[in-house]
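What you see is a predicted model; the values in this text were computed from it and never measured.
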Amino acid sequence: METEKKATRLGYGSALADLGDKYNFYVMDADLSKSTMTDLFKQKYPDRFINCGIAEANMMSSAAGLSTLGIPVFASTFAMFAAGRAFEQVRNAIAYPNLNVKIGATHAGITVGEDGATHQCCEDIALMRAIPNIKIFCPADYTEAYSCVEEALKINGPVYIRLGRYNVPVIFDKDNYKFEFGKAITLADGKDIAIFTTGVMVAAALDARKQLMLNGIDAAVINISTIKPIDCDSIVHYASKCGKIITAEEHSIIGGLGSAVAEVLAERQYAKLYRIGMHDEFGRSGKASELLDLYGLNAQNIIEKAKAMCR
Amino acid sequence: MNIQLVEKLKKTANDIRILSIKAVYNAQSGHPGGSLSIADIMSYLYFYKMNVDENNPKMLERDRFVLSKGHASPALYSTLALRGFFPTEDLKGFRRKDSYLQGHPVMNKVPGVDMTTGSLGQGFSASCGMAIGCLKQNLPSKVYCILGDGELEEGQVWEAAMFAAHYKLRNLCIFVDFNGLQIDGNICDVMNPTPIDKKFEAFNWHVQVIDGHRFDEIDEAVTAAEQDDRPSAIVCKTVKGKGVSYMENNYKWHGQAPNKELYEQAMNDLKGVK
């Protein structure tokens, strides 16, 4: 049976719409509400939705000001504009005073597809990771994206939620899944090599694991849905147990999950590491699936690198 | 406004100037010019206009103030100290390692500071966010914000201006400290933001141009602003370095501290105790 596929942005938008009764919060958007899916909230709670127009800098600083009234604010736009264009607004107006603003950044990574490199943000984790106070979530599927929104609301401070446009397999069962802040989630244990992965690449890593098993390689797959703070203990555990680690992310290998894991390995427990991600390059236009293959963001590449490391 | 009130506000403005210069002199660092130019507006807001409570600085229904030109922090800190939010002795710590009085204002650390500012343009946007929130929450609060004239060169300012007019933020009143100077010189030479009034009018704001050192004009403008259902911009013609002879209209005093001799002269000019 074909696995159901849904975009993480839909999980985000659906959660906002569903949580509107239970929690009081505002949602801001910058003329992309139909793309970020905040439109679902707007339909139900128009009085608590504020369209800021195509003006992301003002949206982020306004969200900061609005949140000082004691009500959380979700500010949404594409990752390129949330973390990129409005970086300094996020840093100085939201993160520095530790204000209760959640940044719902959709269309992250190259799976934006046809729009091309101008809209394919592969640097946002790096940018956000360097800012104090901000927590970073990067859900792997619809269910996790849905679930992490309520967890973000329980944190009194800024959270950056990295979301995608691309329809990815639904991995987790909605009725039995609960996002756990700050915890690496071991989806499959293994002893030969550990694959630390996040977002779109989690499904690919699970596929790779099946193939590797047929080749006699027992790979662990760990979903890092909280990129900051990162679960150091899990990384140390697998570094010690397997001695070989692959990271896989739809982001630059500079500053993202791969870097975060490398930092832990360098400081706490050595293991051989290979980072799968964008290798210091810009993306290009194309179908999301084609681009994932072109840049080696797929199960096949994970399998090849794992085999090479286990040889 | 009666004469006694105006005299009281004038005296307070002078005290703000004295404390601002002392703070910058003690720190040997900071921005005196733009602090002196807004002292009268600060005095008017905190000693006459605004509904704030020094014993309950986070009171929900309070009026809010955002110093978007956050480098004028000496004026804000001096005002808040005089108003009783914290001891005036603390001003001695301004810009020093162990003090909560950072070079640019930080909310939650300093009682009475409603927004962290310093990166130009952002405070204005934040005040828009506060204003729309107060309207949506049916709070009676007004939001006041001071911007520098040079600050208007930031693109974000015009994003915020559009936002405020679009959402008819009638509870938002901004003061543009139109002293004509910025770090590199005359604003018209560096990057001319004029005509300021016409620009805000084009953005559908209620606009007035006044003398920013005259309390009767400030009060009339703020009162008129309250009668309009649009956001209000009060363009205040001011003198950078107002009150200290050698600092007046001299851009070099945007961001440097006086030495001992010049400090004493400043205190003489302001009739302050050295």
Are there more than 12 heavy atoms of other residues, nucleotides or ligands under 6.0 Å from atom [atom1] of [X]?
X        : atom1 : answer
B/Leu60  : CG    : yes
B/Met191 : CE    : no
B/Arg170 : CZ    : no

Would you enumerate the inter-chain donor-acceptor pairs between chain B and chain A whose distance is below 3.5 Å?
residue: B/Ser119; atom: OG; partner: A/Glu88; partner atom: OE1; Å: 3.0
residue: B/Ser119; atom: OG; partner: A/Glu88; partner atom: OE2; Å: 2.5
residue: B/Gln122; atom: OE1; partner: A/Ser61; partner atom: OG; Å: 3.1
residue: B/Gln122; atom: NE2; partner: A/Glu88; partner atom: O; Å: 3.4
residue: B/Gln122; atom: NE2; partner: A/Glu88; partner atom: OE1; Å: 2.9
residue: B/Ser125; atom: O; partner: A/Ser62; partner atom: OG; Å: 3.0
residue: B/Ser125; atom: OG; partner: A/Asn58; partner atom: OD1; Å: 2.6
residue: B/Lys136; atom: NZ; partner: A/Asp47; partner atom: O; Å: 2.8
residue: B/Gln137; atom: OE1; partner: A/Tyr26; partner atom: OH; Å: 2.5
residue: B/Gln156; atom: OE1; partner: A/Gln89; partner atom: NE2; Å: 2.7
residue: B/Gln156; atom: NE2; partner: A/Ala57; partner atom: O; Å: 3.3
residue: B/Gln156; atom: NE2; partner: A/Ser61; partner atom: OG; Å: 2.8
residue: B/Glu159; atom: OE1; partner: A/Asn58; partner atom: N; Å: 2.8
residue: B/Tyr167; atom: OH; partner: A/Asn51; partner atom: N; Å: 3.1
residue: B/Tyr167; atom: OH; partner: A/Asn51; partner atom: O; Å: 2.6

Which pairs with one or both residues in residues 66-77 of chain A pass salt bridge (Lys or Arg N to Asp or Glu O under 4.0 Å), sequence neighbours excluded?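 Non-adjacent pairs meeting salt bridge (Lys or Arg N to Asp or Glu O under 4.0 Å): zero.
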Quick check: closest heavy atoms across A/Leu66 and B/Ile132, and the distance to 0.1 Å?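 It is CD1-CG2, 4.5 Å.
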Measuring heavy-atom distances to chain B, does A/Leu99 have an atom under 4.5 Å in its side chain, in its backbone, in both, or in neither?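 For A/Leu99, the side chain is the part near chain B, not the backbone.
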Side chain / backbone / both / neither for A/Ala63 at chain B, heavy atoms under 4.5 Å: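 For A/Ala63, there is no contact with chain B at all, as no heavy atom is under 4.5 Å.
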Interface residue of largest heavy-atom contact number with chain B, from A/Pro97, A/Cys52, A/Gly65, A/Ala64, under 4.5 Å: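 Max contact count across the listed options: A/Gly65.
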